[in-house]
Amino acid sequence: MGDLLRHYPRTHEDRRLKKPEAWGAPGSAVALVGTVKDFQVSGGGKDLLIGRAVLAMEGKSVEALWFRRRSFRFDPFDGMKKKLLPGTRLFVYGPWQYGPRGLEIRVEDHDFPTGEPSPHMDRLVPVYDLTEGLDGKWLRAMAWKVRGGVSEVPDVLPGAVREKYALPNLAEALGEFHFPSDLALLGRARRRLAFDEFFSLEVALARVRQVRDDGPPAPVCQPTRELLSPFRKALGFDFTPAQKRVINEIFSDMALARPMNRLLMGEVGSGKTVVAVSALLLAVEAGRQAVLMAPTEILAEQHAHGLSRILKGLPVRWALLTGGRKKAESRLNREALAAGDIQIAVGTHALLEDQVAFKNLGLVVIDEQHRFGVDQRATLGAKGVSPHVLLMTATPIPRTLALTVYGDLSVSVIDQLPPGRPIITTHWSKEGEALSAVRRAVAQGRQAYVVFPLVQESERLDLKAVLKGWEHLKEAFPDIPVGLLHGKLKSAEKEAAMSAFARGELKILAATPVIEVGIDVANATVLVVMNAERFGLAQLHQLRGRIGRGVHPSSFHLVSDAPSADAAERIKLLCQIKDGFKLAEEDLRRRGPGEFLGEAQHGLPEFRVGNLATDGPLITESREAAFELIKQDPSLTHPDHRALAEDVTRRFATRFRFAQVA
Ligand code: ADP
Ligand code: MG
């Protein structure tokens with residue numbers, strides 16, 4: 001019985017009776033009730049029969065039409081001929097139009113008034129997504145029958161929460177969600193059912209967080225300023241207010257024995273690296289080791305380049321540890337790490353693999369967190385250490401996703417770029433125009449990237465696209481050195497290409513989207529994306545962040561000859577919107593959370609009523625309620641919370657190892 005009502009309607013049709021004055025434009029579906037004057041069946045071509053009823057309603061006459069396929073075996077209108085006798089009252093629903101004989105309705109559904117309320121007519125009517133073999137009308141009739149019995153559906157939402165957030169009780173919500181009395185009550189019912197979906201997830205997240213907070217302590221890190229002061233002096237710029245705020249948030253977390261689990265979001269170029277370095281130095285000042293991890297070796301190496309600049313002259317022992325290093329060197333580094341001689345290790349996530357031991361790990365910073373598939377925090381737990389963890393991403397995550405997908409984390413946002421950033425213009429260009437921009441830039445002493453798309457699921461094809469593009473560019477620019485960078489190069493080759501480009505020996509770099517994250521060449525002012533229709537909004541925005549990093553105005557060119565309507569829309573949005581968070585929200589709205597998050601769904605449950613793109617305020621409320629509840633009753637042992645505890649465990653225990661309650 002409950003199961004049937006948990007098969008939610010996909011939408012509702014407004015089948016409330018309306019006078020013709022209120023019918024809206026022709027083509028709108030309307031419901032009416034009238035008296036049958038006449039019913040005739042005529043041929044409508046070789047295969048079609050048309051049934052026509054003349055209905056009288058309030059002095060007006062309406063012609064109702066049914067279209068049926070002819071059959072040699074039976075008369076598809078047999079039953080209707082018997083029932084639609086003159087004088088019969090009839091409900092019809094369907095789109096109306098002006099026909100040759102006046103008002104006309106193409107009937108999608110009809111019903112006979114009984115004097116009792118009907119589930120099918122004269123109301124807001126539920127429409128279901130049908131699984132095979134189920135008839136919508138039958139399902140609706142069944143739901144109508146059982147709607148009174150919903151008190152048998154267990155309501156796991158604590159009464160106090162229901163009252164505080166002015167939510168209807170479950171019986172009312174389910175009844176109204178199927179058969180709403182009016183739109184306001186439908187909205188109220190929807191709010192309750194969506195709240196439930198978010199609430200149980202947030203309870204699980206609050207619980208994950210609670211268990212972690214109660215778990216093994218992390219080291220308390222208090223600044224001595226021994227390293228931080230000279231570091232800041234040597235920087236040559238002041239932190240932006242946003243950086244200061246975020247550093248404060250991080251330092252406050254690290255000053256506690258409760259392990260930090262913070263997500264730092266900031267647009268490309270917003271200055272996350274120096275924030276991360278501040279945290280690394282704080283850990284070192286506190287006598288701890290720290291690691292900085294990047295998703296690829298290229299990026300790890302780039303971080304190492306950056307650190308060698310930033311940490312020059314500071315008494316910090318740090319090292320780059322990547323798989324591409326020589327064996328002997330790598331072994332020595334690992335020993336030094338285990339002995340505590342290396343204070344800061346830079347590398348890829350391979351650093352968390354089993355062979356690597358730390359003496360006293362205090363902080364892990366993970367750059368571009370979304371690129372890591374599985375949850376590294378679990379790995380850390382398994383290694384028996386409980387360091388502070390800072391995740392960084394340049395991919396703006398819409399707030400609703402931050403509260404759900406990353407809902408067990410604290411979130412910091414750098415919402416401000418350092419001053420003096422040049423303008424980046426975005427263009428939907430023809431290939432010729434884009435390459436002219438490249439030529440102009442190079443003539444002025446600047447550099448350019450040309451990015452070729454990922455061809456889905458096939459690294460070999462990716463390679464082909466970029467290799468072909470590279471050849472093409474070399475022909476187009478015979479006088480200019482053009483480099484090549486893609487993920488399949490050996491790491492020494494990558495390093496060579498990268499550093500030649502960084503030194504300005506290569507003027508143009510043909511690349512796959514491996515450059516999407518992190519690469520930082522201030523002199524590069526033009527970025528061309530070939531076949532831009534193959535890229536998502538967020539990815540294009542990331543690529544845009546590779547330019548405009550120096551002092552020179554920069555331009556971003558999207559080349560796409562025959563984009564689909566959807567791709568054209570994406571390109572236009574990029575031309576209009578600069579703000580990554582706005583683009584991300586747009587992307588979420590357009591693609592939905594599953595597509596938006598891609599492979600790494602991070603244990604997000606399916607929301608059947610709730611909508612991550614539009615339910616921001618409701619998510620905030622449900623989260624507040626959940627965290628408050630877990631604060632008061634961490635293990636959900638109170639009798640009022642028992643049903644909730646079971647529900648949360650059933651749904652989330654395998655997803656979140658810590659969600660198990662009571
Ligand atoms: P992100 O990692 O967020 O993309 P980075 O940390 O690489 O950004 O910073 C981009 C550039 O801006 C770097 O060259 C960095 O030195 C510089 N930078 C960072 N913070 C500031 C600041 N407050 N003022 C001026 N330049 C800054
Ligand atoms: Mg960075």
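Whatever order the structure lists them in is the order used to number ligands and atoms, beginning at 1.
Heavy-atom contacts of F239 reach the following atoms of ligand 1: 23 (N) (cutoff under 4.0 Å). Atoms of ligand 1 lying under 4.0 Å from at least one heavy atom of E267, given by number and element, are 3 (O). For ligand 1, the atoms lying closer than 4.0 Å to a non-hydrogen atom of R549 are 7 (O). If you number the atoms of ligand 1 from 1 as listed, the ones under 4.0 Å from a heavy atom of T240 come out as 23 (N). Atoms of ligand 1 lying under 4.0 Å from at least one heavy atom of T273, given by number and element, are 2 (O), 5 (P), 6 (O), 7 (O). The contact set between ligand 1 and G271, taken as ligand atoms under 4.0 Å from a residue heavy atom, comprises 1 (P), 3 (O), 5 (P), 6 (O), 8 (O), 9 (O), 19 (C). For ligand 1, the atoms closer than 4.0 angstrom to any heavy atom of S270 are 3 (O), 8 (O).
Between atom CZ of residue F231 and atom OG of residue S229 there is a gap of 11.0 Å, rounded to the nearest 0.5 Å. Summarising the geometry, atom CD belonging to Q447 is positioned 10.0 Å from atom NE2 belonging to H552; distances are rounded to the nearest 0.5 Å. In this structure, CG on L583 lies 10.0 Å from CD on Q576, to the nearest 0.5 angstrom.
Distance from atom 13 (C) of ligand 1 to its nearest protein heavy atom, with residue and atom name: D520 OD2, 4.3 Å. The nearest protein atom to atom 20 (N) of ligand 1, hydrogens excluded, is given as Q243 NE2, 3.0 Å; this is a heavy-atom distance. The protein non-hydrogen atom at the shortest distance from atom 3 (O) of ligand 1 is K272 NZ, 2.7 Å.
Remark: side-chain polar atoms of W428 are paired, donor with acceptor, to backbone N or O of S560 under 3.5 angstrom.
Residue-level proximity to ligand 1 for D238 is carried by the backbone, the only part with a heavy atom below 4.0 angstrom. Residue contacts with ligand 1, taken as heavy atom pairs separated by less than 4.0 Å, involve F237 solely via side-chain atoms from C-beta onward. Contacts between R546 and ligand 1 below 4.0 angstrom, taking non-hydrogen atoms only, are absent altogether.
No more than 12 heavy atoms of other residues, nucleotides or ligands sit less than 6.0 Å from atom NZ of K582. By the neighbour-count criterion of 12 heavy atoms within 6.0 Å, atom CZ of R258 is sparsely surrounded, having that number or fewer from other residues, nucleotides or ligands. The number of heavy-atom neighbours closer than 6.0 Å to CZ of R309, taken from other residues, nucleotides and ligands shown, is 12 or below.
Remark: R503 is not positioned above the aromatic ring of F501, lacking an NZ or CZ atom under 6.0 angstrom from the ring centre and at most 45 degrees off the axis.
Contact between N333 and L320 at its shortest, heavy atoms only, is ND2-O, 3.6 Å.
For the side-chain contact (heavy atoms from CB on, under 4.5 Å) criterion with L537, the lone passing option out of R570, Q542, E569 is R570.
Comparing G550, G269, G266, A242 by heavy-atom distance to atom 10 (C) of ligand 1, the nearest is G269.
Remark: distances from the non-hydrogen atoms of R421 to ligand 1 include one below 4.0 Å.
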